[in-house]
Amino acid sequence: MKPDPATLRAHLQAVLPSVRADLEALVRIPSVSLLPEHAEDVRRSATAVADLFAREGFDVRLVAIHDAAPAVLASRPAPAGRPTVLLYAHHDVQPAGAEDDWDSPPFIPTERQGRLYGRGAADDKAGIAAHLAAIRAHGDQLPVGVTVFIEGEEESGSETLGQLLERHHDDLRADVIVIADSTNWAVGAPALTTSLRGVFDFYVEVRTLDHALHSGMWGGIAPDALMVLTRLLASLHDDRGNVAVDGLIRGPAPDVAYDETRLRRDGGILDGVDLIGDGSTVERLWTRPALTVIGLDAVRTAEASNTLAPSAKAMISVRLAPGDDPEQAFAAVREHLARQVPWGAQLTISPGYPPGRPVQIDPTGPAFDAARAAFSEAWDGTDLLFVGTGGSIPIVDDFARAFPDAALLVTGVEDPDTRAHSPNEGLHLAEWEKVCLAETLLLHYL
Ligand code: BES
Ligand code: MN
């Protein structure tokens with residue numbers, strides 16, 4: 001007999017402490033896929049994740065293309081006539097950045113005021129833990145087939161993901177795919193994400209001199225590379241803060257109110273600092289391009305001397321609205337830069353991490369009805385919202401192409417103050433428990 005929702009709720013409550021402990025053990029592994037010195041840690045976290053699902057009776061494998069970060073592929077077959085659900089999350093994390101910016105060490109999970117702090121405590125080890133919780137709550141009575149796919153290179157652009165999906169296409173085939181890597185709308189407001197921006201990044205380097213020059217002897221006549229670069233970067237936005245590159249797609253946004261006061265609070269935007277760009281708040285976040293200087297190579301002020309810099313380099317990240325294409329958009333940005341570079345400086349543009357395509361999901365069909373029921377029940381009757389996000393999850397589009405008939409449910413453990421990728425990333429524990437309950441009920445209703 002299939003347990004009823006009330007029984008499942010009780011089962012989940014009983015297993016949550018063990019899942020929480022498993023989550024903390026994962027957070028202790030610094031699985032930073034962007035940094036080669038952490039390659040061994042990424043492999044260790046893959047093994048740790050594999051062990052967790054093996055203990056739930058799953059058939060488990062580590063899969064990787066060459067020496068890329070391994071993914072975990074685990075499965076329990078569907079009872080006759082039942083659908084198969086694929087549960088996705090990623091076990092790699094972003095770099096921690098400067099430890100001094102954290103209130104507790106990034107790889108020591110620490111609870112303060114209802115949040116569990118640590119790099120990856122939310123993004124996305126809590127997504128793995130939510131899948132684990134749902135499976136553990138059902139015990140040996142899983143009502144559907146479950147395949148678990150936990151990627152190891154999401155935060156570094158999923159370079160070999162396409163090949164992995166091809167190679168394991170038949171193992172990954174599912175009726176419903178749950179991608180637990182996004183955010184809820186607010187604490188107390190559950191959401192599925194139905195549109196994601198795309199992303200690509202690149203390096204831009206300018207050279208003006210054969211070698212550094214004395215700024216007194218040469219300043220005023222020889223252009224220094226840092227000034228060239230800053231003028232070039234300034235040309236990327238208009239005075240109101242809209243991206244000034246021609247040829248990028250701007251879509252209309254749904255009529256969702258994200259009030260500026262809440263947005264300013266959620267984002268920690270300082271008093272007196274303007275929001276940039278035109279259009280509604282969600283239009284600017286979800287359906288318009290954004291362009292950010294994410295890194296800069298220049299002389300440090302502590303080491304500065306009176307010198308003209310011969311070269312300077314920036315790394316730029318571009319977010320793309322649904323409907324846009326990373327290759328076309330990169331061409332548009334290149335053209336813009338080539339046209340804008342001042343004073344004949346030499347310009348070199350080169351691609352960064354692998355790009356991710358934007359996605360738009362049509363949230364209709366039985367899987368979305370099951371999700372509506374499960375999430376609303378987990379949040380005590382609150383309606384499930386369908387929202388967009390400015391973030392990117394490259395695998396969503398890959399799944400959509402590989403399995404055009406599968407329903408894509410993009411769920412998430414984050415809330416607007418999770419600070420994923422930033423110092424003091426923290427998981428809202430009470431909301432996470434609701435995510436775990438929602439996923440437990442989702443498997444039941446599916
Ligand atoms: N979990 C995020 C994506 C996300 C963030 C979705 C916030 C919704 C709300 C994911 O791990 C991520 O950060 N992705 C990268 C992708 C990139 C490395 C290709 C991103 O968006 O920067
Ligand atoms: Mn993530």
Side-chain angles (χ1 to χ4, degrees), residues 18-76 86-97 99 102 105-109 116 118-133 135-136 146-169 171-172 179-181 352-354 356 393-395 398-399 413 420-421 425 427:
S18 67
V19 178
R20 161 80 184 271
D22 292 335
L23 168 59
E24 294 196 9
L26 291 179
V27 175
R28 289 175 192 276
I29 307 173
S31 50
V32 182
S33 60
L34 274 170
L35 304 176
E37 62 267 32
H38 284 289
E40 186 50 40
D41 294 316
V42 177
R43 279 192 289 277
R44 261 201 309 139
S45 77
T47 308
V49 170
D51 288 346
L52 291 173
F53 290 97
R55 266 187 270 144
E56 301 302 323
F58 277 63
D59 188 14
V60 180
R61 279 183 289 166
L62 292 190
V63 295
I65 304 292
H66 306 302
D67 55 358
V72 178
L73 179 54
S75 62
R76 253 163 76 175
L86 174 63
L87 304 177
Y88 167 89
H90 59 88
H91 67 86
D92 63 322
V93 300
Q94 285 278 320
E99 271 216 47
W102 288 73
F107 296 106
I108 299 182
L116 183 69
R119 172 60 80 235
D123 184 13
D124 187 27
K125 288 172 173 171
I128 304 174
H131 297 327
L132 190 65
I135 289 164
R136 212 169 266 172
V146 174
T147 307
V148 175
F149 184 62
I150 309 293
E151 193 192 349
E153 52 172 13
E154 199 275 346
E155 299 290 9
S156 50
S158 304
E159 184 142 31
T160 65
L161 186 72
Q163 283 167 272
L164 269 186
L165 290 190
E166 237 170 76
R167 182 179 294 178
H168 300 286
H169 187 268
D171 304 318
L172 291 167
I179 297 142
D181 192 23
Y353 304 115
I393 311 176
I395 200 174
D398 292 296
F399 278 146
V413 296
H421 299 198
E425 171 178 353
L427 174 70

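Just so you know, residue 1 is the first one in the sequence shown, and it goes up from there. Everything numeric here is computed off the predicted structure, so don't read it as measured data. The figures that follow rest on heavy atoms only: side chains count, while hydrogens, waters and symmetry mates do not.
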For the pair [X] (side chain) and [Y] (backbone), establish whether a donor and an acceptor sit closer than 3.5 Å, ignoring hydrogens and angles.
X    : Y    : value
E153 : T160 : yes
H38  : P30  : yes
E425 : D123 : yes
D92  : E155 : yes
H131 : F149 : no
R119 : A420 : no

inquiry  = Working note: F107 + V93, criterion side chain to side chain contact (heavy atoms under 4.5 Å, CB included); need CA distance, chi angles, decisive distance, verdict.
reply    = CA-CA 11 Å; F107 296 106; V93 300; 4.2 Å; yes

Hey, are the side chains of [X] and [Y] touching, using non-hydrogen atoms and a 4.5 Å cut-off?
X    : Y    : result
L23  : L427 : yes
E154 : S33  : no
I108 : R28  : yes
S31  : R44  : no
H168 : T147 : no

Could you pull out the closest heavy-atom pair between [X] and [Y], with the gap in Å?
X    : Y    : value
L161 : D398 : CD2-OD2, 3.7 Å
A121 : V27  : CA-CG2, 3.7 Å
A48  : I29  : CB-CD1, 3.9 Å
A74  : F53  : CB-CB, 4.1 Å
L62  : A46  : CD2-O, 3.7 Å
V60  : A54  : CG2-N, 3.5 Å

Just verifying a value: how many Å separate [X] [atom1] and [Y] [atom2], rounded to the nearest 0.5 Å?
X    : Y    : atom1 : atom2 : value
L165 : D171 : CG    : CG    : 11.0 Å
E40  : R43  : CD    : CZ    : 4.5 Å
L132 : L52  : CG    : CG    : 5.5 Å
L26  : D124 : CG    : CG    : 11.0 Å
R76  : I135 : CZ    : CD1   : 7.5 Å
I395 : D181 : CD1   : CG    : 9.5 Å

request  = Starting from the C-alpha separation in whole Å, work towards a yes-or-no answer on side chain to side chain contact (heavy atoms under 4.5 Å, CB included) for L172 and L73.
outcome  = CA-CA 8 Å; L172 291 167; L73 179 54; 3.6 Å; yes

inquiry  = Walk me through whether L164 and V63 qualify under side chain to side chain contact (heavy atoms under 4.5 Å, CB included).
reply    = CA-CA 8 Å; L164 269 186; V63 295; 3.9 Å; yes

task = Give a yes or no on this: more than 12 heavy atoms of other residues, nucleotides or ligands lie within 6.0 Å of atom CD of E24.
result = yes

message = Checking side-chain polar atoms at under 3.5 Å, does S45 have a donor or acceptor matched by the opposite partner on K125?
response =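 Side chains of S45 and K125: no pair found under 3.5 Å.
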
